[in-house]
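Residue numbers start from 1 in every chain, and the chains themselves are labelled A, B, ... in the order their sequence lines are given, proteins ahead of strands.
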2 protein chains.
Amino acid sequence: MNDLNDQAFLEYAISAARQGASEGGVPIGGALVVEGKVLGVGFNKRVQLGSAIRHGETDCLENIGRLPAKVYQKATMYTTLSPCHMCTGAILLYGIPRVVLGENETFMGAEDLLRSEGVEVINLNSQECKDMMAKFIKEKPEVWNEDIGL
Amino acid sequence: MNDLNDQAFLEYAISAARQGASEGGVPIGGALVVEGKVLGVGFNKRVQLGSAIRHGETDCLENIGRLPAKVYQKATMYTTLSPCHMCTGAILLYGIPRVVLGENETFMGAEDLLRSEGVEVINLNSQECKDMMAKFIKEKPEVWNEDIGL
């Protein structure tokens, strides 16, 4: 998979994050891609559903539903923000071998853990992803802190 | 908190697991306890909801909903089975400082990671927890494998 494809697939996660933002939620989105096909997308639903576990990546996995391990093992998880410990754990649980993230300046997740377990992690350093988070954190800092356990 | 309390609170997680079993689901349950109060319980809903992220612990967190960090930071997560990477990550995300588990013979989760991050992990070595899992795995080995990404 080349960089151009990664940018294109990250756009699905960004679109999901925008949808979350439009609903007043934390603007973080995810998309799971297998062999060039987007299996599903998701976005953080802390605000919308009062959820403690629906982050961009986990909501994406939940929207897709049950999959055989062999599918996850060929997947790339696209996410607008560096994955927190929970989403990192979901990626490790299912053996997803590749993660492409929009940025890790707003929040540095458990990328070291992912890499130590053999997961490829690529940062596309997206200004749009940073800008969405900066806007949200300025408006609702307490929600963002809650989302990362602070 | 003494051992007697831990056994009593683990019973809430076991009861939740039994409920899951009665619905044909993976018999793993969780309960979150703060200062002697059970805030909520949950159980694995892979079968019942076609869920990829509702494990015993994460379903428990989701049923309880949004909580301030200061509540999680005084909590103990009771779970019938050693927490997988995803549930371990949820515990780390929210800074839950203590985990009491029913057993880790059926499945050894990411206990080393929990301990390396300063979480206290106690194994009550429950025969009932082991028996529930043994029965389920004998009946539906493919569902169990799917639940742990195999």
- Message: To check you understand the geometry: which heavy-atom pair defines the closest contact between B/Glu62 and A/Arg54, and what is its length?
- Response: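 Looks like OE2-CG, 3.7 Å.
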- When every non-hydrogen atom of A/Ala52 is compared with those of B/Gly65, the smallest separation belongs to CB-O, 4.0 Å
- Note on the structure: Residues passing the ring pair (Phe, Tyr, Trp, His ring centres under 6.0 Å) test with B/Tyr94, sequence neighbours excluded, are B/Tyr72
Any link between [X] and [Y] through a network of hydrophobic side chains (Ile, Leu, Val, Met, Phe, Trp, Tyr) touching at under 4.5 Å?
X	Y	value
A/Val99	A/Val38	no
A/Ile122	A/Leu114	no
A/Val41	A/Ile96	no
B/Val71	B/Met77	yes
B/Phe9	B/Leu39	no

- Under 4.5 Å to a heavy atom of chain B? For A/Thr88 that would be neither
- Message: With a strict 4.5 Å heavy-atom criterion, list every residue of residues 140-150 of chain B that contacts chain A, or say none.
- Response: B/Val143, B/Glu146, B/Asp147, B/Ile148, B/Gly149, B/Leu150
- Item | Side-chain heavy atoms of A/Leu113 within contact of B/Leu113, under 4.5 Å |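 A/Leu113 vs B/Leu113: side chains touch.
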- Testing B/Leu92, B/Leu93, B/Ile91 for side chain to side chain contact (heavy atoms under 4.5 Å, CB included) with A/Met86, which one passes? B/Leu93
- Under the ring pair (Phe, Tyr, Trp, His ring centres under 6.0 Å) rule, what pairs show up with a residue in residues 20-53 of chain A, not counting sequence neighbours? none
- Message: Counting heavy-atom pairs closer than 4.5 Å to chain B, which one of A/Ala69, A/Cys87, A/Pro68 comes out on top?
- Response: A/Ala69
- Does anything in residues 104-111 of chain A get under 4.5 Å of chain B by heavy atoms, and if so which residues? none
- Atom pair CD1/CG of B/Ile53 and A/Leu61 - distance to nearest 0.5 Å: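 One finds 7.5 Å between CD1 of B/Ile53 and CG of A/Leu61.
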